[in-house]
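First comes the structure, then the notes that go with it.
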Amino acid sequence: MIEVVRDIADERVAVYGRLTEAQLRNRLDPGSAVFIAESPKVIAVALDAGYEPLSLLCERRHIEGDASDIIKKCGDIPVYTGERDVLAGLTGYTLTRGVLCAMRRPAECPAEEVCASARRVAVIDGVTDTTNIGAIFRSAAALGMDAVLLTRTSCDPMNRRSVRVSMGSVFLIPWAWIDGDTVAALHSLGFRTAAMALTDRSVGIDDTSLRAEERLAVILGTEGDGLDRSVIESSDYVVKIPMAYGVDSLNVAAASAVAFWELRK
């Protein structure tokens, strides 16, 4: 069902431009929560994973081009289109990737359920950069993590940019929020904990005792301040990645890829 948008104030497409991320999440009414997926490839991954599409937004030229297969997969939902300048005014950027899709946000899954059979989990603690969140999810899915847990101080992985950077990996790997004392919560879930940090007691990422752990949670912190001292001190291991040329650390997304590969089970 093709519908033309001529005004950026059109209420039918408010979800694509005027609603904040918090409004999209709609915490007061989780049943109405929405997220935005961007690019045909990412949208296809979401659809294949069972996510429900609500509407599409694309330039006219993409209806018979980049978006054609997606439109067929989505069934009878509104497909909003318009001139490039109108859509750019609505979204705040040119739709270089062809198509956006508003999708129903699924209900939150409890950490206990996500981790029930997991042996290796990635834990994102206080990372607020959307690009890093997406990259960590992509690495976690590609390199064999069983699940991802995030503290409430971390960026929402269903943020539009995080979803795009993850290339849809956020739809593939189970994830959940973790509340309260991070390390205590992980211990209660049956995991030994490995905090990625540089301290006097840090062991190398290739330490054989790490690989031998039956269930291990790898905790990653923000680049600036790193993990909170209480997390480091209460973790079972503090782990470092050996560096050369006097470099003291990696970007958290790059560090996550190294850690996931080395510590996979």
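Just so it is clear, the structure is predicted and the values come from calculations on it, not from any experiment.
In this structure, the side chain of S202 engages the main chain of A197 through a donor-acceptor pair within 3.5 Å. A donor-acceptor contact shorter than 3.5 Å is absent between the side chain of S162 and the backbone of M158. Judged by distance alone, the side chain of R215 and the main-chain N or O of A118 form a donor-acceptor pair under 3.5 Å.
Inter-residue side-chain proximity for V123 and F191 is flagged as unmet; no heavy-atom pair is nearer than 4.5 Å. Counting heavy atoms from C-beta on, the side chains of L186 and R192 never come closer than 4.5 Å. No side-chain heavy atom of L210 sits under 4.5 Å from any side-chain heavy atom of T208. Using a 4.5 Å heavy-atom cutoff, the side chains of I77 and L56 are in contact. Considering only heavy atoms from C-beta on, I219 comes within 4.5 Å of S235 through its side chain. Put simply, the side chain of I36 does not reach to within 4.5 Å of the side chain of V163, judged on heavy atoms. Between T193 and V231 the shortest side-chain heavy-atom distance does not fall below 4.5 Å. Under the 4.5 Å side-chain criterion, counting only non-hydrogen atoms from C-beta, E262 is in contact with R211.
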Using atom types as modelled, flag every donor-acceptor pair under 3.5 Å from a side chain in residues 42-53 to any protein atom, sequence neighbours excluded.
none

Hey, can you pull the donor-acceptor pairs under 3.5 Å for the side chains in residues 131-145, sequence neighbours left out?
| residue | atom | partner | partner atom | Å |
| --- | --- | --- | --- | --- |
| T131 | OG1 | R161 | NE | 2.9 |
| T131 | OG1 | R161 | NH2 | 3.3 |
| N132 | OD1 | N251 | ND2 | 3.3 |
| N132 | ND2 | E223 | OE2 | 3.1 |
| S139 | OG | A135 | O | 3.3 |

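The hydrophobic clustering, which links ILVMFWY residues whose side-chain heavy atoms are closer than 4.5 Å, places L198 and V218 apart. Linking Ile, Leu, Val, Met, Phe, Trp and Tyr whenever their side-chain heavy atoms come within less than 4.5 Å puts W261 and V252 in one cluster. Residues L250 and L227 fall into different hydrophobic clusters, defined by Ile, Leu, Val, Met, Phe, Trp and Tyr side chains chained together at heavy-atom separations under 4.5 Å. Connection of V114 to I124 is not established within any shared hydrophobic cluster, with ILVMFWY side chains joined at heavy-atom distances below 4.5 Å, either directly or through further cluster members. Residues V183 and V238 share a hydrophobic cluster, clusters being chains of Ile/Leu/Val/Met/Phe/Trp/Tyr side chains in contact below 4.5 Å.
For the side-chain contact (heavy atoms from CB on, under 4.5 Å) test with L263, the passing option among L216, D207, D206 is L216; the others fail.
Taking CZ of R120 as the start and CD of E214 as the end, the distance is 7.5 Å to the nearest 0.5 Å. Distance check, rounded to the nearest 0.5 Å: CG of D76 to CD1 of I71 gives 12.0 Å. Taken to the nearest 0.5 Å, the OG atom of S166 stands 8.0 Å off from the CG atom of L172. For the atom pair R201 CZ and E233 CD, the distance stands at 8.0 Å (nearest 0.5 Å).
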Going through the distances and angles, do I205 and K240 end up as a side-chain contact (heavy atoms from CB on, under 4.5 Å)?
CA-CA 6 Å; I205 192 74; K240 64 182 178 181; over 6 Å; no
Does L150 form a side-chain contact (heavy atoms from CB on, under 4.5 Å) with W175? I'd like the steps, not just the answer.
CA-CA 8 Å; L150 305 96; W175 67 271; 3.6 Å; yes
With side-chain contact (heavy atoms from CB on, under 4.5 Å) as the test, would you mind laying out the steps for V170 and V148 before giving the verdict?
CA-CA 9 Å; V170 67; V148 178; over 6 Å; no
As a quick check of understanding, evaluate side-chain contact (heavy atoms from CB on, under 4.5 Å) for S55 and Y16, giving each step before the final call.
CA-CA 10 Å; S55 68; Y16 294 104; 2.8 Å; yes
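Here the closest non-hydrogen pair linking V239 and A194 is CG2-CB, 3.8 Å. Considering all non-hydrogen atoms of both residues, S234 and H187 come closest at O-CE1, 4.0 Å. Smallest separation of non-hydrogen atoms from E59 and T81: C-OG1, 3.3 Å. Scanning both residues, L220 and S256, for their nearest heavy atoms gives CD1-CB, 3.7 Å. Minimum interatomic distance between W177 and A111 (heavy atoms only, all atoms of both residues): O-CB, 3.9 Å.
Figure legend: cation-pi geometry between R105 and F35 absent, as NZ or CZ is not positioned both under 6.0 Å from the six-membered ring centre and within 45° of its axis.
The side chain to side chain donor-acceptor pair (under 3.5 Å) search around Y237 returns E213, not counting sequence neighbours. Under the side chain to side chain contact (heavy atoms under 4.5 Å, CB included) criterion, S68 pairs with no residue, sequence neighbours left out. Here S230 pairs with D228 under the side chain to side chain donor-acceptor pair (under 3.5 Å) rule; sequence neighbours left out. Evaluation of the side chain to side chain contact (heavy atoms under 4.5 Å, CB included) rule for T151 yields D125, T153, S154, I178, T182 as partners, not counting sequence neighbours.
The neighbour count for R264 CZ, taken as heavy atoms of other residues, nucleotides or ligands under 6.0 Å away, is above 12.
A salt bridge does not link D146 with R119: every distance from a Lys NZ or Arg NE/NH1/NH2 to an Asp or Glu carboxylate oxygen is 4.0 Å or more.
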